[in-house]
Peer 1: 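Have a look at this one.
The sequence lines fix the lettering, A, B, ..., with proteins before strands; numbering per chain opens at 1.
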Protein chains: 2
Amino acid sequence: MQLDHFDLSILRYLQVNCRHPADAIGVEIGLSATAVQRRIRRLREVGVIQAEVAVIAPDAVGYPLVLLVELVFAKGLADTIDQFKRQMLALPEVQQCYYVAGEYDFMLVLHAASMADYEAFTRAVFFKNSNIIKFRTTVVMDAVKRGLTLPI
Amino acid sequence: MQLDHFDLSILRYLQVNCRHPADAIGVEIGLSATAVQRRIRRLREVGVIQAEVAVIAPDAVGYPLVLLVELVFAKGLADTIDQFKRQMLALPEVQQCYYVAGEYDFMLVLHAASMADYEAFTRAVFFKNSNIIKFRTTVVMDAVKRGLTLPI
DNA sequence: CCTGAAAAGTAACCGGC
DNA sequence: GCCGGTTACTTTTCAGG
């Protein structure tokens with residue numbers, strides 16, 4: 001799907017605040033409210049807008065710890081990789097999961113209530129998986145920026 | 001602020017879909033639509049809900065490349081760290097920025113239109129900063145999971 | 001693009017714990 | 001007095017012309 005500069009302008013508003021009213025966007029970019037709404041609906045249908053979500057403060061709900069994990073897998077096992085991806089998608093502790101090229105194979109961003117909880121997680125997920133050769137955990141001191149905003 | 005189980009239930013819905021109607025949430029958790037909305041408003045005011053945003057498909061808007069960057073800073077310069085944090089907040093290419101404890105000092109998740117663009121970015125931001133001793137870039141092959149959903 | 005209709009969200013008031 | 005419920009009102013969104 002081809003996006004024109006109107007679509008991009010609309011997305012620029014919505015990626016910061018998806019409750020920004022369509023008519024307000026309209027006056028700012030020079031389009032009627034209906035036109036803006038039609039475009040938003042199409043962007044949703046086509047999947048350019050993947051979701052509209054509330055960003056929650058992690059400490060407010062008891063998940064103050066942020067951890068970064070680098071994982072190394074045993075090579076030559078395509079199935080295990082796919083299986084692990086599915087597992088990561090299903091686990092709520094895992095906020096983000098990147099399959100990468102380089103020294104390690106996966107990078108995870110995850111939240112935990114406490115170090116003890118995280119340790120239990122590593123036992124249940126990492127140690128149990130014999131295809132994981134090693135993993136390295138890094139503790140986040142300050143989540144300076146935590147968003148999904150693109151430079152459009 | 002203390003959250004009861006109603007608040008947590010509401011957040012559970014909104015962190016997946018912030019357009020989920022209040023009355024629909026109401027019937028599912030056993031509360032009137034108004035009560036739900038009042039709670040949502042308070043959650044917004046207090047900052048438990050930090051933002052409500054649209055998640056945009058990066059490739060659809062011309063940012064298919066995801067890069068992870070680990071940065072090492074020269075030690076003993078608190079000011080430079082703060083200054084760098086502010087810079088990261090301002091740069092749209094930087095989706096996420098974590099100040100970490102361990103071998104390196106920062107971990108960044110960033111999006112780029114092309115490798116050439118990313119190279120230009122490293123010149124403008126990393127090489128120009130003399131406090132950065134070294135940095136390591138990892139290319140993401142598959143952004144398996146990319147969200148901000150907490151395990152509440 | 002404009003209009004009216006439907007739906008969602010907002011605000012003010014009432015009642016019970 | 002604090003919350004939840006009901007009602008009336010406003011804003012936003014949706015559908016036909």
Peer 1: Output the rounded distance in Å from CD1 (Ile29(B)) to P (dC3(D)).
Peer 2: 15 Å

Peer 1: Report yes if the distance between the aromatic ring centroids of Tyr99(B) and Phe73(B) is under 6.0 Å, otherwise no.
Peer 2: no

Peer 1: Dot-bracket for DNA chain C, 5' to 3', counting Watson-Crick or G-U wobble pairs under 3.5 Å, with [ ] for crossing pairs and | for inter-strand pairs?
Peer 2: |||||||||||||||||

Peer 1: Check the orientation of Phe126(B) and Tyr118(B). Use parallel for under 30°, tilted for 30 to 60°, and perpendicular for over 60°.
Peer 2: perpendicular

Peer 1: Take Asp4(A) and Arg39(A) through the test salt bridge (charged side-chain N to carboxylate O under 4.0 Å, His left out) and record every step on the way to the result.
Peer 2: CA-CA 11 Å; Asp4(A) 63 12; Arg39(A) 282 167 181 268; 2.9 Å; yes

Peer 1: I need the minimum non-hydrogen distance between Ile132(A) and Val125(A), along with the two atoms involved.
Peer 2: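 That would be CD1-O, 4.4 Å.
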
Peer 1: Please tell me if the side chains of Asn131(A) and Phe84(A) come closer than 4.5 Å, counting only heavy atoms from C-beta onward.
Peer 2: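 The answer is no, as the side chains (C-beta and beyond) never meet within the 4.5 Å cut-off.
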
Peer 1: Tell me if a side-chain donor or acceptor on Asp23(B) pairs with a main-chain N or O of Gly26(B) at a distance below 3.5 Å.
Peer 2: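 Side chain of Asp23(B) to backbone of Gly26(B), a donor-acceptor pair under 3.5 Å: no, none is there.
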
Peer 1: Does the Lys145(A) side chain pair with the main chain of Tyr98(B), one donor and one acceptor, at a distance under 3.5 Å?
Peer 2: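 Checking the backbone N and O of Tyr98(B) against the side chain of Lys145(A), no donor-acceptor pair under 3.5 Å is found.
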
Peer 1: Give each protein N/O atom lying under 3.5 Å from an N/O atom of nucleotides 7-14 of chain D, with the pair distance.
Peer 2:
residue, atom, partner, partner atom, Å
dT13(D), OP2, Ala22(A), N, 3.1

Peer 1: Please tell me if Arg39(B) has a side-chain N or O lying less than 4.0 Å from either OP1 or OP2 of dG4(D).
Peer 2: yes

Peer 1: Check the distance between dG4(D)'s P and Arg38(B)'s CZ and give it to me in whole angstrom.
Peer 2: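 From Arg38(B) CZ to dG4(D) P: 7 Å.
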
Peer 1: Remember a base hit wins even if backbone is also touched, and classify Arg42(B) as base, sugar-phosphate or nothing at under 4.0 Å, heavy atoms.
Peer 2: nothing

Peer 1: Do Asp117(A) side-chain atoms and Ser114(A) backbone N/O form a donor-acceptor pair below 3.5 Å?
Peer 2: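 Here the side-chain-to-backbone pair does not exist.
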
